[in-house]
Structure formats: C-alpha cells, structure tokens
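First up is the structure itself, then whatever we jot down about it.
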Amino acid sequence: MGGVQDLIAQDMGWDRTTIAFAATAATWTSGLTMPFVGKLVDRYGPRHLMLVAALIVSACFFALGGVNSVWQFYVAYIISRSFAGPNLQNVVPRTVAVNFFRRKRNLALGITALNRIAGESLNVLIITLIASAFSWRVAYRTLSIVALPLSIPLFLIMRKRPEDIGLLPDGDSVPRTMESSGSTVRWPPSEFDWRLREVVFVPSFWFIVWAEFLAVSTTAAVTFQLVPFLTDNGMSHSLAASALMLSILLGGLSVPLWGHLSDKFTIRRLTIAALIATSAPTLAFAFIDVQGAGFYVSVAWGIASGGIPVVGSMMIGDYFGRRSFGALTGLTGPFRTAAMGLGPALGALLVNATGDYKAIFVVAVASYVIAILLNYSVRQPRLPSRANAA
C-alpha cells in the first residue's frame, strides 16, 4: 500500500484518510484473528493454512485491481490483510521456526522476521515500478498472478513438525548422546512443552507480554514521528526519509544477529540489553543538534530497536517450548497489534498537547525502563505437576 496509496487516491478521488482507515481496520482485524490462527496451526500445522491464505490473498489482490467503490476496496483489502498477516507473516511462520529448530531457534525466528522486512521492501519496489509504468490496478493484478505459483511450494514442502518427516528439531535424525559425569545422557535434553491453559497462569508470561506491549507501542510512536521531528528541526524531507528508511532496513538486518546471540546467551539478558541500547539514542533525540547528528542518531536508534518486535516471541519459545507456541503467539498477537496502532496515536497526542517532540522521547525512555524492569522480573517458570508425574 505504501507504494501506491497516492495513485489510488488520485485515481479514485479519495483522500488519504480514507485509505489510512482501511489500513488501520485491516491491521486490527488481522490482530483479532491471530488467536484463532494460533490454535489452528498448533492443531493442524502450516501446510493448508498457508496454502488457503495465499490463494485468498491472490483473489483479493485481483479484486483490488477492479474495485469501483470504497466498500469494495475496504472488503478486499481487509480480507487480504486478515489472512496474510497471521498466516503468511507472523503466527504461522514463527510457529514453524520454533517447531523445526531448537539449538538455532532464535536465529531461525530472526531470519523469519528479516524475511518479512525484506519481502515487504521488495514488494513496495515491484508494485511501485509496475504502477508507475502502467497503473496501480495492473500492479495488484500482477501480484495476484505471481502469488499463485508461490502457493505450490507451500503445499509441497510445509509440515507441522520435523517428526512428521522422521526427523527431530535442527535436522537431527536420532537423539545425540554425550558423556556427562561418567554417564551417557541424551543431548539435547527433552524439552517440556507447556499447554496454553498452563501458561496463562504463569506470571512470567504476562511480564513478557506487557513488556513487549510497552516496547512495541513506544517504538511505533518514535518511528511514526521521526520524519516530522527531523524536518521540523531543519533537516530536509528527503534526508529525513532516507534516515528513516536506512534505520528500518538496518534494524531489520540486525534481527538475525539478535537471534544468533540469544542462542548463545540468555535471551532475557539480551532483551534487556536491546532495550537499554534503544533507550540511549531515544534520549539523545531530546538534546542533539538535529542538523548535525540527527541522521546518525536515527540510524543508531533503528539498529538498536530492530529486534524489539521479535524478542518477545523468542522468549516465549525459550521458556514454554513448542506444543502451544502457535496459540501463545496468537494470544499475544492482539496485544502486539494494539501496540502498533496505539503508539503513533499517542505520539501525535503528545506532540499536539505539548507543542514539542521532547515529551515523546522522555515518555519513550520511561516506557523502555518499565519494559526493562518487567523483563528483569521474568524467571524460568516452575514446571506444572504433570511434569513430575511423567
């Protein structure tokens, strides 16, 4: 949408608000469907969910190329986002990564998140080039046609768990053994898989959820206000937009690095480190000379904050295993989506109320500090009684 929204508005005679409301409604609807998708992927696996979603998105893209009214546009766009978000971008791919990997689980989650960022960037480029050469309608119909052959490998390759194809996580064919204190033990040790109804009563789970809510909403607020902040303080719009683009790109590229490090060190400590690293440039925004250092601080902020949208999923996977990861990710989805929608609105309200951007950065740092304290409070949960019985 980012590459063609102005072309749609001009062609249809709509204002940007009309299209923005469609994006907001689609995002919130996508978040509301995540709990249901999470339960379905845990029960049935990704194969049919991703196939059906790809076909529906393809049909909606083709329909978008032929809309003649606002209601038609809203229906096609909201349905496409509702199926694409949880099934092709968030819940299902992350669940697959958790099910198929253990030693390199967080790296796999980081690559999954990076693929989404890279795919969206490529998609914006493709749709913008086609729309500029022909029209936005041709661009959407082209994406519709391209999506059809991409659905074939989803059906042929995707599986629920590695055990379905005679393997174990990380591609192991049999459990490895190693010597420890003179005896042979299984490695990696068996992983206890929590059930959803057990996890929701664990305080550490909700510490993770609310810490992620604060961090994501704060990051969304700063992201949304970054270009206006830079331009209102003397930076050219093109340079400010470049700073935002580069910060998002480098932040996305940093996600696999966070995943790789969390496979070697404690994910809780790395999450706290990421929040501290993000707080530093956030606070610096309130005091720097924007024309002199604004571009560099923006890039540093993007790199530091790149892992924030995914570290919560990494922590849930590490602490609660794979049995109910899809349902847990689906349960946290509405919180994450609400945070993404709430952040920009709160940021705008703070600017309007104070007439200054400093309030955003001060509140943002305070939110990061609270998120740090919540993550610090996370502890390895005590296993339920059925673990001892087993």
Side-chain angles (χ1 to χ4, degrees), residues 94 97-98 101-114 116-117 202-223 226 246-288 293 296-320 329 332 335-336 339-340 343 360-381:
R94 292 184 182 186
V98 167
F101 294 91
R102 185 176 178 187
R103 294 192 301 273
K104 301 290 186 180
R105 174 176 291 169
N106 292 333
L107 175 60
L109 281 170
I111 293 173
T112 301
L114 172 61
R116 176 182 178 179
I117 296 171
V202 176
S204 287
F205 170 71
W206 294 107
F207 290 155
I208 295 171
V209 171
W210 287 112
E212 183 181 47
F213 179 87
L214 283 172
V216 170
S217 60
T218 298
T219 303
V222 175
T223 301
L226 187 57
L246 190 59
S247 69
I248 293 174
L249 177 61
L250 294 180
L253 291 174
S254 73
V255 175
L257 176 60
W258 287 111
H260 174 69
L261 292 174
S262 65
D263 285 325
K264 294 181 175 296
F265 304 100
T266 305
I267 179 60
R268 181 175 71 98
R269 292 180 178 177
L270 280 172
T271 301
I272 293 173
L275 290 168
I276 293 174
T278 306
S279 300
T282 303
L283 184 61
F285 280 133
F287 302 102
I288 60 170
Y296 304 104
V297 175
S298 300
V299 173
W301 177 84
I303 295 173
S305 64
I308 286 178
V310 74
V311 288
S313 294
M314 292 179 182
M315 293 182 73
I316 290 173
D318 275 6
Y319 283 108
F320 301 107
T329 303
T332 62
F335 291 90
R336 194 179 305 109
M340 292 175 64
I360 291 181
F361 305 128
V362 172
V363 171
V365 171
S367 296
Y368 286 138
V369 169
I370 296 174
I372 289 170
L373 295 175
L374 287 170
N375 281 304
Y376 182 78
S377 301
V378 174
R379 293 293 183 270
Q380 186 69 44

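This chain uses plain numbering: 1 for the first residue, then up along the sequence. Not measured: the values here are computed from a predicted model. Values below: every heavy atom of this structure, side chains too, minus hydrogens, waters and symmetry copies.
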Given side chains that start at C-beta, do those of [X] and [Y] come closer than 4.5 Å, heavy atoms only?
{"X": "Phe205", "Y": "Thr332", "value": "yes"}
{"X": "Tyr319", "Y": "Val378", "value": "yes"}
{"X": "Asn375", "Y": "Arg269", "value": "no"}
{"X": "Val209", "Y": "Trp206", "value": "yes"}
{"X": "Ile316", "Y": "Ile208", "value": "yes"}
{"X": "Phe320", "Y": "Val202", "value": "yes"}

From [atom1] ([X]) to [atom2] ([Y]), nearest 0.5 Å:
{"X": "Ile303", "Y": "Ser298", "atom1": "CD1", "atom2": "OG", "result": "11.0 Å"}
{"X": "Leu374", "Y": "Phe207", "atom1": "CG", "atom2": "CZ", "result": "7.0 Å"}
{"X": "Leu109", "Y": "Met315", "atom1": "CG", "atom2": "CE", "result": "13.0 Å"}
{"X": "Ser377", "Y": "Trp210", "atom1": "OG", "atom2": "CH2", "result": "15.5 Å"}
{"X": "Phe285", "Y": "Phe361", "atom1": "CZ", "atom2": "CZ", "result": "6.0 Å"}

Per-pair distances, 0.1 Å, donor-acceptor, side chain in residues 272-284, under 3.5 Å, sequence neighbours excluded:
unit_1, atom_1, unit_2, atom_2, d
Thr278, OG1, Ala274, O, 2.7
Thr278, OG1, Ala304, O, 3.2
Ser279, OG, Leu275, O, 2.7
Thr282, OG1, Thr278, O, 2.7
Thr282, OG1, Trp301, NE1, 3.1

With sequence neighbours excluded, residues passing side-chain hydrogen bond (donor to acceptor under 3.5 Å, both in side chains) with Ser247: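 For Ser247 there are no side-chain hydrogen bond (donor to acceptor under 3.5 Å, both in side chains) partners, ignoring immediate neighbours.
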Sequence neighbours excluded, which residues qualify as side-chain hydrogen bond (donor to acceptor under 3.5 Å, both in side chains) partners of Arg94?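 Checked Arg94 against side-chain hydrogen bond (donor to acceptor under 3.5 Å, both in side chains); matches are Ser313.
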Tyr368: which residues meet the ring-ring contact (aromatic ring centres under 6.0 Å, His included) condition with it, sequence neighbours left out?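 Here no residue qualifies.
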Residue pair Ser367 / Thr218: nearest heavy atoms and the distance that separates them: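 Heavy atoms only, the tightest pair is CB-OG1, 3.1 Å.
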Only pairs at least two apart or in different chains count here, so list each salt bridge (charged side-chain N to carboxylate O under 4.0 Å, His left out) that has a residue in residues 202-223.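 As it turns out, the salt bridge (charged side-chain N to carboxylate O under 4.0 Å, His left out) pairs with a partner in residues 202-223, which skip direct neighbours, are Glu212-Arg336.
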Quick one: salt bridge (charged side-chain N to carboxylate O under 4.0 Å, His left out) pairs with a partner in residues 367-381, sequence neighbours left out?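 Sorted pair list comes back empty.
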